[in-house]
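Everything on this sheet refers to the single structure shown next.
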Amino acid sequence: MKLADRSLALPRARTALFTALSLLGAASAFAAQSGASPDDRATKLEKRMSMEDMRHLLQSYNTMVAQQPPGGIGTAGYVSALPKLGIPAQQQNDAGIGVHNYPLDVGPGKQPNHVRGEAGNTTPLPSLIGIAATWNPQIAYAGGRMIGDEAFRQGINILLAGGINLTREPRDGRTFEYLGEDPLLASRIDGAEIRGIQSQHVVSTIKHYAVNDQETNRLTVSSNIDERAMRESDLLAFEMAIEDGHPGSVMCGYNKVNEIWNCSNHHLLVDILKGDWKYLGWVMTDWGADHGPMDAMAGTDQVSGIDLTTGLSIGSMSSSFGAPLTQAIAKGDVTHARVHDMVHRILRSMFAVGLFDHPPVIKPLDVEGDALVSQHAAEQAIVLLKNESRALPLKPTIKTVAIIGGHADAGVLSGGGSAEVWPIGGPAIPAVKGPDWQWKVYDPSSPMKALQKLLPNAKVIYDDGSDPAKAAALAKSSDAAIVFATQWTSEGVDVPNLSLPDKQDALIDAVTVANAHTVVVLENGGPVTMPWLSKVSAVVEAWYPGARGGDAIANVLTGKVNPSGRLPVTFPKDEQQLPRPQITNAQDVDYNIDGAAVGYKWYDKKDLKPLFPFGFGLSYSHFDYSDLHINTDGEHVTVSFKVSNAGDREGMDTPQVYVGMPADSGEAPRRLAGFEKVSLQPGQSRTVSVTIDPRLLAIFDVPGHRWQIAAGDYPIQVGHSSRDFVLKGDATVAAATVAP
Ligand code: BGC
């Protein structure tokens, strides 16, 4: 967001009490009815509301400002309580990777202040793409639960979380806030995270609906894509995540789809989301993504982040759901029935998630417990991409280790924008301002210090990497060199290309010349190119690893943790392999080039060999697959097989099931159809069984308005990644249709 307003701060304590009191009032008024359904309760309450009361719920105010309104606690969106009706305030706070707290720039050379509290006060998880790399919905649930709990303890009852835009454009600055390129994987992880958040009586959004897949021109760009392709890719991810997670709210994004603004897009919001998918919650706009009062008739229920002083939406500089909505209602352009529906949807979600019955309770965080949740997530998120001659884990007998670059002596990098989390204890090094309102923040968890603890007999020496010759000299005199390579990415700005910035490729080259035992640890937003790959002995993809990222990395490097992450995105060899080799400034992006063939489906269709395929990741153990059984019962295909740990140490594996389309479909050759993460002792086996969602066997038939499964033999492959298959068979499927 644009929004200079993000940078004004506020004192929090005095408002917390007010909020707690207003929330308490709300609870007592409605506790008695808690047996009734959310719909019944919403209907009953709505009947007692005047038109003015109802309009009150339809816009939220940005309270990330110095002067708080009564009840404000400094969140991106605030709707004050209606005490006479017992309706609690809505405190809507960002939570891309943890409960966002925003810094105030207090002048050159000074450390920023914060919106809620004087120091960083919440726990960052690894970036969402890292959570996707765990391939483990339980980890996503635990992470969601943790951030939901932290929100609850700070008086926040709505989290702007659940980012699920597919990685069509790996240069997207928000790749780290999303869940990769596959609808099934992304939706399973997102659904679990949303369930975790909402288990704490905090509403989660899912965002940014829809096809909001790059930051370049994000407020104006049109994502152009055929209906069928969209249904089978970006929309399928939302559809399945909504079914799984039941988010209380959907955030419509800034961009246009096929030339129509997302929040004015009747087809996306009414026909598909609320019609075909029967979504019962409310649609809130992204901050400034509204385009007038008629957005209400297109399916938007709430306009977000109105400026307190001007009363205008900070992006559109209008007041869509303020006076213009009142006039549109008076003229009959926006119907009373629609206003009732808007209010009903908001109240219904608030009842369903427990905002009336369980108001937030302000109390200190479980700092240690929450950090451990983050660490466990990071440990499963880390993907071992290369490990030549068992270069890793580092031998306990190693004498000297050179740690080079990436501020690894102090901490680990995190991403910028509304997902930023100012960590507890403050950033590891002074934060640096990004190109606009974003900050470059390092979480205070030093990989070097963690390694020193795990290798007490080794000399672990740091070089900041600013002079490649000096770094190479240190590497030369060490048994192993570990280069920490970083790529900062942020909301609001795409990266120009996939190269590591700041001449880090040259640094890695110089170090490899000096020491053959060079390990590269990446802390990055999304795919990067690796011109030095053949020269290094190991590569560890750590993403932005969060509050305890340094410990997680050191645990993997030393073998205390056996790496188990798998790539949720393809790493291309170079930009020429992408559907759009360059990111342009155009106002129209042609997503029909790749269509439904997002990510690995594109590489498979075009027969391109990427640097690392989707689903890839190594372990210190190895796993065998056998005994494939494919059962077809009507439209349900169930695939079962045996996974065995054939290595000599305990480890986790994620066997992946891919389904091909019948030969004449003109489709990408295969789709991820199922997966399961299993933990096995050496020599242990387990049978895994996955049932394939019928939509993954279907094409979306636009004229017929349904999913259409063609009769035929569907190739089933079970493997270690989207390019490495061990078991093969066919599922003979009868023709069928599935409701849209
Ligand atoms: C971002 C959203 C965020 C909102 C509120 C927007 O700029 O796109 O993801 O939730 O701001 O901070």
Side-chain angles (χ1 to χ4, degrees), residues 1-8 59-65 72-79 90-103 115-116 122 127-128 147 151 156 158-165 172-179 190 193-194 197 202-221 223 238 247-255 261-263 282-290 302-308 313-317 415-422 434-439 489-494:
M1 181 153 85
K2 50 295 169 192
L3 317 172
D5 311 63
R6 282 193 188 280
S7 59
L8 300 169
Q59 31 181 26
S60 71
Y61 288 83
N62 173 20
T63 61
M64 297 168 76
V65 292
I73 57 168
T75 53
Y78 168 57
V79 182
Q90 294 175 41
Q91 303 285 3
Q92 308 174 343
N93 199 86
D94 275 297
I97 57 155
V99 180
H100 172 71
N101 45 43
Y102 200 74
V115 169
R116 287 189 317 281
T122 51
S127 50
L128 265 199
I147 62 177
I156 293 160
I158 298 174
L159 285 181
L160 312 172
I164 193 173
N165 297 99
D172 182 352
R174 300 189 89 169
T175 300
F176 80 94
E177 286 186 60
Y178 301 141
L179 296 153
D190 213 34
E193 192 207 340
I194 292 165
I197 292 173
V202 172
V203 162
S204 176
T205 62
I206 186 169
K207 67 187 187 183
H208 310 84
Y209 187 71
V211 207
N212 188 178
D213 297 345
Q214 67 172 44
E215 290 298 278
T216 305
N217 294 331
R218 70 170 174 159
L219 300 178
T220 48
V221 74
S223 301
F238 274 95
S249 182
V250 170
M251 188 190 292
C252 49
Y254 287 126
N255 56 299
W261 300 108
N262 269 331
C263 302
W282 88 95
V283 174
M284 69 166 77
T285 65
D286 199 341
W287 270 233
D290 53 299
Q302 187 180 57
V303 167
S304 310
I306 300 294
D307 185 281
L308 278 163
S313 154
I314 34 198
S316 65
M317 293 316 279
S418 60
E420 262 163 42
V421 174
W422 217 252
D436 197 352
W437 45 272
Q438 316 89 336
W439 290 89
T489 60
S490 170
E491 175 183 344
V493 50
D494 293 327

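These numbers come from the heavy atoms of this one structure, side chains and all, not from hydrogens, waters or symmetry mates. Residues: numbered from 1 along the sequence shown. In listed order, ligands and their atoms are each counted from 1.
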Quick note on ligand 1: atoms under 4.0 Å from a heavy atom of Y254 include exactly 6 (C), 7 (O), 8 (O)

Note: H100, heavy atoms under 4.0 Å from ligand 1, region reported as neither

Note: ligand 1 atoms sitting under 4.0 Å from heavy atoms of M251 are 10 (O)

Carboxylate-amine/guanidinium contact D94 K207, below 4.0 Å
yes

Is the closest heavy-atom distance from Q92 to ligand 1 below 4.0 Å?
no

query = With a 4.0 Å cut-off on heavy atoms, is E491 touching ligand 1?
reply = yes

Value for CG (D172) from CG (D213), rounded to nearest 0.5 Å, stands at 7.0 Å

Q) Do I158 and Y78 touch side chain to side chain, with heavy atoms closer than 4.5 Å? A) no

Taking T63 for its side chain and G74 for its backbone only, find out whether a donor-acceptor pair lies under 3.5 Å. yes

Checklist line | Heteroatom distance test (W287, ligand 1): nitrogen or oxygen, under 3.5 angstrom | finding: no

Shortest non-hydrogen pair, M284 vs L160, comes out as SD-CD2, 3.7 Å

Closest to atom 12 (O) of ligand 1 by heavy-atom distance, out of D94, N62, D286, is D94

Short version for M64: what comes under 4.0 Å of ligand 1, heavy atoms counted, is neither

With S418 as partner, the option from H100, Q438, E491 fulfilling side chain to side chain donor-acceptor pair (under 3.5 Å) is E491

R218 heavy atoms within 4.0 Å reach ligand 1 at atoms 7 (O), 8 (O)

Any heavy atom of M284 under 4.0 Å from ligand 1? The part involved is neither

Worksheet item: Can N262 and N212 be counted as having a side-chain donor-acceptor contact under 3.5 angstrom?
Response: no

### Query
Any side-chain heavy-atom pair from M251 and D286 closer than 4.5 angstrom?
yes

A student checking ligand 1 against A76 at a 4.0 Å heavy-atom cut-off should list atoms 5 (C), 12 (O)

Near R174 (heavy-atom distance under 4.0 Å), the atoms of ligand 1 are 1 (C), 2 (C), 8 (O), 9 (O)

